[in-house]
Amino acid sequence: MNKNIVKNKSNKELFFIYTYGCQMNEEDSEKLSGMLKNMGYEKTQNKLEASIIIFNTCCVRENAELKVYGNIGALKNIKKENPDLIIAVCGCMMQQKGMADMILKKHPFVDIIFGTHNAYKFPEYLNRVIQDKVQIKEIMDKETKIIEGVPIDRDSDTKAFVTIMYGCNNFCTYCVVPYVRGRERSRKPLDIENEIKDLISKGYKEITLLGQNVNSYGKGLDEEITFADLLRRINEIDGIKRIRFMTSHPKDLSDEVIYAIRDCDKICEQIHLPVQSGSSDILKKMNRHYDREDYLNIIKKVKKEIPGIAISTDIIVGFPGETEKDFEDTLSLIEEVGFDSAYTFIYSRRKYTPADMMEEQITNEEKHARFNNLMKIVNKVAINKNKSYEGSLLEVLVDGPSKNDDTKLCGRTRTGKIVNFVGDTKDIGELVNVKITNALSFSLNGEKI
Ligand code: 5AD
Ligand code: SF4
């Protein structure tokens, strides 16, 4: 028995999870948490009192990996003082060739290593470590069939992520995801619907459908179904208030999906449509299967069919061979589209991807200079978009106290805008109407009506 174990009021042992990366990883961590709670453990926000610490890793960019190395390293002395502390490392980083061995060599005190395809086996690994005091490293190279019924402990009581498909077939030349998450696999529509019905019965109001490329949902299923069909079916579920989804690859955004957003009252007026670059030459080198003109045409169609839709995107600067002209094309595209928000990234070389092998890598200095310019344009465009909300009355789903000012509440509009306003704690988890008084770059201020 762990002599330093701290137990909470209910006398349960505690676990702490570090989650890096995207919403898919967040959902995976909710599953790890669900499995641990089923085993009788309780979650803590304080790693110093945990008897199990898990690192759910990301390898999309190098800086996410560096954080993981640093944070595992920082546990060395804690583990020395408390040898019964169990440390597990899992997620995308572990699927990379040689990575698990490298972690074990650098940090031999890690107890369990597993990958993305066998996370459902975590309880089994944990029991073996506790009973037999062994070190476990188990990574599966290939994806399995989808495992349903894994318990899930969600972070919110109001909003839930529901994964509809796993993996990616696109092989954008900069990206490791297809190598670490495997090929596309879709969940059966009935499994998705049942999960959502269960969530609604527990009081959830908003569902975000997740997948690396939701637009190609349905391929390979016995039942013939497209993503647009699935959206329409989910919209019919009694009691659901809001539906969102991410991520959409522009090459696969069908007219049917656009019409489904337009026609279905529960689907929010918001779309995340990563463009990555505004230069057709760079898009070709990225293997994105659309050019600047195609993207702008999709945006035109989306804006025409769904007035007021908020459009967000992902942008990479400093891809190999990106010239000053290519970069300027990205800046001009941002202004032309008028994105509501953009996740901006400095290109990060990832081993085994085609882009890593490309000549003409851009210097760090140049990448950072472009990144700073990019941020300026993104922020300028975003504040202009937000300003257009001033004076309007919007429906806000209240998340909880505002992060920067706990006298206020914080929630999101259907378009995904963060709104801070004075309200009553009984509004948390409810839909309220808020009049927008002023706009900032990343949020709106308002008054409850
Ligand atoms: N370098 C920088 N950004 C990347 N992304 C994916 N791979 C890389 C990389 N190697 C970004 C893309 C993607 C988002 C999730 O991460 O913009 O849409
Ligand atoms: Fe990566 Fe491209 Fe797949 Fe997105 S679509 S996960 S960027 S390979």
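Each residue takes its place number in the sequence, starting with 1. Atoms within a ligand are numbered from 1 in the order they appear, just like the ligands themselves.
Using a 4.0 Å cut-off between charged side-chain N and carboxylate O, Glu256 and Arg232 make no salt bridge.
Atom 1 (N) of ligand 1 has Ser348 N, 2.9 Å as its closest protein atom, hydrogens excluded (heavy atom only). Counting protein heavy atoms only, atom 5 (S) of ligand 2 is closest to Asn170 ND2, 3.4 Å. Among all non-hydrogen protein atoms, the one lying nearest atom 7 (N) of ligand 1 is Tyr174 CD1, 3.3 Å. Closest to atom 7 (S) of ligand 2, if we only count protein heavy atoms, is Tyr174 OH, 3.4 Å. Regarding atom 3 (Fe) of ligand 2, its nearest protein heavy-atom neighbour is Cys168 SG, 2.3 Å. Closest to atom 2 (Fe) of ligand 2, if we only count protein heavy atoms, is Cys172 SG, 2.3 Å. Closest protein heavy atom to atom 1 (Fe) of ligand 2: Cys175 SG, 2.3 Å. For atom 6 (C) of ligand 1, the closest non-hydrogen atom on the protein side is Val60 CG1, 3.4 Å. The single protein non-hydrogen atom nearest to atom 15 (C) of ligand 1 is Asp314 OD2, 3.8 Å, given as residue, atom name and distance. The nearest heavy-atom contact from the protein to atom 16 (O) of ligand 1 is Arg61 NH1, 2.8 Å.
Counting all heavy atoms, side chain and backbone alike, Asn213 lies closest to Ser248 at OD1-C, 4.5 Å.
By the 4.5 Å heavy-atom criterion applied to side chains, Thr208 and Lys159 are not counted as neighbours.
The aromatic rings of Phe114 and Tyr125 lie tilted to each other, with the angle between the two planes from 30° to 60°. Aromatic ring orientation, Tyr290 versus Tyr295: tilted (interplanar angle from 30° to 60°). Taking the six-membered ring for Trp and thresholds of 30 and 60 degrees, Tyr18 and Phe16 have ring planes more than 60 degrees apart, a perpendicular arrangement.
When non-hydrogen atoms are compared, ligand 2 lies under 4.0 Å from neither the backbone nor the side chain of Met286. Only side-chain heavy atoms of Pro178 come within less than 4.0 Å of ligand 2; its backbone N, CA, C and O stay farther off.
Of all atoms in ligand 1, numbered sequentially from 1 with element shown, those under 4.0 Å from a heavy atom of Ile316 are 3 (N), 4 (C), 5 (N), 12 (C), 17 (O). Heavy-atom contacts of Arg350 reach the following atoms of ligand 1: 10 (N) (cutoff under 4.0 Å). Listed by atom number, the atoms of ligand 2 under 4.0 Å from His249 heavy atoms are 5 (S). Those atoms of ligand 2 that come under 4.0 Å of a heavy atom in Phe171, given as number and element, are 8 (S). Within ligand 1, counting atoms from 1 as listed, the ones closer than 4.0 Å to a heavy atom of Gln276 are 12 (C), 13 (C), 17 (O), 18 (O). Every atom of ligand 1 with a heavy atom of Ile346 under 4.0 Å away is listed here by number and element: 1 (N), 2 (C).
Taking the ring centroids of Tyr174 and Tyr347, they lie at or beyond the 6.0 Å cut-off. Taking the six-membered ring for Trp and the full ring otherwise, Tyr179 and Phe171 have centroids separated by under 6.0 Å.
Judged by a 6.0 Å distance limit and a 45° cone about the ring axis, Lys106 is positioned over the six-membered ring of Tyr69. Under the 6.0 Å distance and 45° angle rule, Lys285 does not count as a cation-pi partner of Phe319.
Ser216 and Glu184 are linked by a side-chain donor-acceptor pair at a separation below 3.5 angstrom, with hydrogens and angles left out of the test.
For Lys408, the NZ atom counts as densely surrounded, since its 6.0 Å shell holds more than 12 non-hydrogen atoms of other residues, nucleotides or ligands.
Ligand 2 is never approached by Arg181 to a heavy-atom distance shorter than 4.0 Å.
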